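First the proteins, then the strands, lettered A, B, ... as listed; each starts at 1. These numbers were taken from a predicted model, which means no experiment stands behind them.
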Amino acid sequence: MSNEEPTTEARTSAPDRSSATTSVDAGEETSDRAAEPDRTIVEARNIDVWYDEDQALRDVSMEVPEKKVTAMIGPSGCGKSTFLRCINRMNDLVDAARVEGELLLGSKNVYDADVDPIALRRRVGIVFQKPNPFPKSIYDNVAYGLEIQDVEGGHDAIVERSLERAALWEEVEDRLEESGLELSGGQQQRLCIARAIATDPEVLLMDEPASALDPIATNQIEDLIEDLAEEYTVIIVTHNMQQAARISDKTAVFLTGGELVEFDDTRQVFESPQSQRVEDYITGKFG
Amino acid sequence: MPSRVISPAGSARHLASIAIVFLDVLPPLVWLGYVLALALPLAASVAIERVDRQLPFLARFGLLAALLVASLLFVPGVVTSMPTVPTGSIIVAVTLGGPIAAIVGRFAAGRLENRRTGLAVGGGSFLAVLGAAFLGSSVGLAALPATILTSVSLVPAAAYVLVVAIDRPGRRIGLLLPAVVFGGALLGAVVVDAMNFAGPNSWIDWGFLTGVHNSSSAAAAGFYPVIGGSIILMVIVAVLAFPLGVGTAVYLEEYAPDNRFTRIIDVNISNLAGVPSVVYGLLGLGLFITYLGESPGTALVGGATLGLLILPIVIISAREAIRSVPDSMRQASYGMGATRWQTVKNVVLPEAFPGILTGTILAIGRAIGETAPLVVVGLPSVIYSLPTDLSSSVGAMPMQIYAWASLYAGPGFYNSAVPAGVVVLLVVLLAMNSVAIALRNRYQREN
Ligand SMILES: Nc1ncnc2c1ncn2[C@@H]1O[C@H](COP(=O)(O)OP(=O)(O)OP(=O)(O)O)[C@@H](O)[C@H]1O
Ligand SMILES: [Mg+2]
């Protein structure tokens with residue numbers, strides 16, 4: 001596999017497609033939102049995903065606006081993580097997984113034959129549900145992405161800035177050489193966020209980043225996500241409705257069977273959902 | 001962690017014994033030649049790094065590889081034919097004691113966070129080694145062993161004790177145990193010497209450990225050439241089986257697709273681990289001696305045959321270690337945009353390394369006791385010297401024991417030489433296994 005960074009031309013964003021109506025699951029009510037000025041950075045077009053014979057996502061289409069927080073909610077097993085893994089092609093690593101449909105980053109379909117998944121993942125960072133720092137020093141954890149991308153010169157400034165952005169710098173300032181595993185769970189998760197943003201990705205995927213944390217650490221992460229959305233596009237999976245309502249601009253609701261049932265402005269979804277199933281889910285009648 | 005206090009001293013003693021065997025094989029002048037031959041390309045690579053960082057990787061690699069080969073070919077020859085050469089102990093003091101003093105000094109500077117003290121400790125260490133080189137003979141030790149002992153054993157142990165005593169006053173108590181053991185042993189030796197105790201008459205004495213086989217008298221028989229021979233064989237086994245085995249394990253775990261072919265290989269490796277060792281002897285005989293035309297009984301043939309024998313075990317234990325690296329670690333690395341090799345190199349191998357090392361040491365422990373395959377590939381049962389190169393004959397401990405128990409069977413050998421040899425063999429084995437266990441414990445504590 002090549003280390004080069006191809007497909008830089010894909011960085012240019014797609015022409016403004018946001019006036020198009022957001023697709024909602026086939027046959028459901030169409031959204032009547034007003035056009036908005038956001039630019040679309042990630043667009044899924046009729047994505048189907050199979051694990052061997054089991055279909056995990058059915059015909060998912062959605063447009064994720066740039067530099068906004070997009071939340072994905074839904075019951076367990078409905079395919080949220082699967083969709084996230086489609087965006088940076090982590091599904092390639094699962095032998096059983098098969099993806100059909102188009103997924104555009106900018107204007108480029110990331111499943112085109114000429115797209116190198118390695119280069120793609122350098123543009124789309126990911127933070128996992130369970131904090132997973134490397135058993136290396138705090139410094140080396142943050143510098144890992146720079147190291148593997150052969151970024152020239154000293155990394156000190158970038159490491160410091162990333163840790164600051166992840167609201168961790170003050171806590172680790174004078175213990176950068178200690179192992180990342182010696183931090184608390186919340187600190188580890190912020191370390192993983194610092195690691196993901198050190199290489200300056202365009203999109204940041206977060207798969208339930210706060211689910212293993214206490215309310216205080218969760219708060220810190222939520223504040224952090226709102227800050228990050230000024231520079232990055234954040235797509236976050238969460239099981240916590242309040243969290244989705246608090247921090248996201250847009251919300252996608254997946255329901256069992258891998259369908260995207262509703263995708264709209266967060267306020268719209270929580271206050272007057274179009275679909276009865278979504279309303280039941282949000283009010284807790286249906287899991 | 002009081003064990004941390006003892007282990008450096010213990011490992012230093014092991015190092016000293018290995019180093020002495022090593023220098024017996026390699027005369028100081030030849031050693032100097034090789035040290036210089038390796039130092040030259042090393043210096044060149046540092047210089048290139050300083051002068052021109054833009055040099056393309058291939059050019060740099062080619063240049064250094066050529067330099068390495070050239071300097072390995074020529075420098076040792078030039079050095080050994082120099083008209084005037086320093087004495088052996090001075091050579092060893094500078095080439096061995098120098099780097100060790102530097103390492104000790106850095107260690108002290110790092111632990112005490114004080115460059116001056118570090119310099120002082122390093123300088124003191126070097127002076128101590130030089131002192132041993134000049135004064136060794138006046139305390140009843142030859143200059144050469146005195147230098148080696150001082151540089152690999154005394155100096156690191158003393159510096160470690162010193163640094164711990166300064167750095168962690170609360171931990172001084174932990175130094176008591178090694179002090180009691182060491183002091184007690186000294187005291188015991190003095191008492192026995194002074195009072196002329198007639199202790200049990202051990203067969204394992206200095207003469208046994210340093211002498212050679214003697215077919216007429218069991219009392220005069222020694223074990224030295226086969227102790228050295230076994231160590232050399234193990235080095236060859238490790239050099240051959242470790243990279244091949246770990247490489248195979250990495251391929252099978254991280255790269256190979258899960259298809260019928262890999263499953264067949266999988267089953268095969270498991271079966272190969274259970275094949276009787278004499279069959280590997282026949283394989284070695286057929287492969288190396290019949291087809292490749294090597295002469296029987298050489299260090300290379302013996303080592304390669306034993307290497308084949310433990311290869312499946314190394315592969316299986318390395319795969320086990322690699323599989324135990326949590327998948328979330330790999331996911332994190334791939335998620336950052338790392339290639340497969342970058343993930344293996346930066347994340348998987350460092351995590352799996354202690355496990356791989358433990359498995360390999362245990363496997364080598366198995367190889368060191370093997371007799372049957374060595375008989376088949378024609379290792380001599382009696383040998384009077386260490387091999388001088390890869391293609392000269394080598395002996396092994398189990399071979400010598402086998403010879404004493406069969407060819408020279410008689411009460412003398414039965415009652416003395418054979419048990420003494422077995423005890424030495426078991427001690428070496430236990431030492432290797434305890435290193436493996438220590439590594440594993442340390443690894444588990446870190447996680
Ligand atoms: N590696 C895999 N191999 C086979 N099936 C999988 C794999 N990963 C996920 N699936 C299946 O795909 C479906 C969707 O899984 P996914 O992990 O995307 O759900 P999720 O919405 O993230 O759930 P949760 O909220 O519990 O994390 C599930 O039915 C699951 O069993
Ligand atoms: Mg999930």
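Contacts with chain A were tallied for B/Ala338, B/Gly337, B/Pro350; B/Gly337 has the most, counting heavy-atom pairs under 4.5 Å. Per-residue counts of heavy-atom pairs under 4.5 Å with chain B were compared for A/Thr199, A/Asp95, A/Leu93; the largest is that of A/Leu93. Most heavy-atom pairs under 4.5 Å with chain B, from the set A/Pro135, A/Gly145, A/Cys192, A/Ser179: that is A/Pro135.
A cation-pi geometry, defined here as NZ or CZ lying under 6.0 Å from the six-membered ring centre and within 45° of its normal, holds between A/Arg195 and A/Phe134.
With a 4.5 angstrom heavy-atom cutoff, A/Pro201 does not touch chain B via any of its atoms. At a 4.5 Å heavy-atom cutoff, the contact between A/Val124 and chain B is made by backbone atoms alone.
A/Glu231 contributes no side-chain N or O that, together with a main-chain N or O of A/Leu228, makes up a donor-acceptor pair within less than 3.5 Å.
With rounding to the nearest 0.5 Å, the separation of CE in B/Met329 from CG in A/Asn132 is 8.0 Å.
Looking only at side-chain heavy atoms (C-beta outward), A/Arg121 and A/Met90 come within less than 4.5 Å of each other.
Classification of B/Arg340 and B/Glu254 as a salt-bridged pair fails, no side-chain N sitting under 4.0 Å from a carboxylate O.
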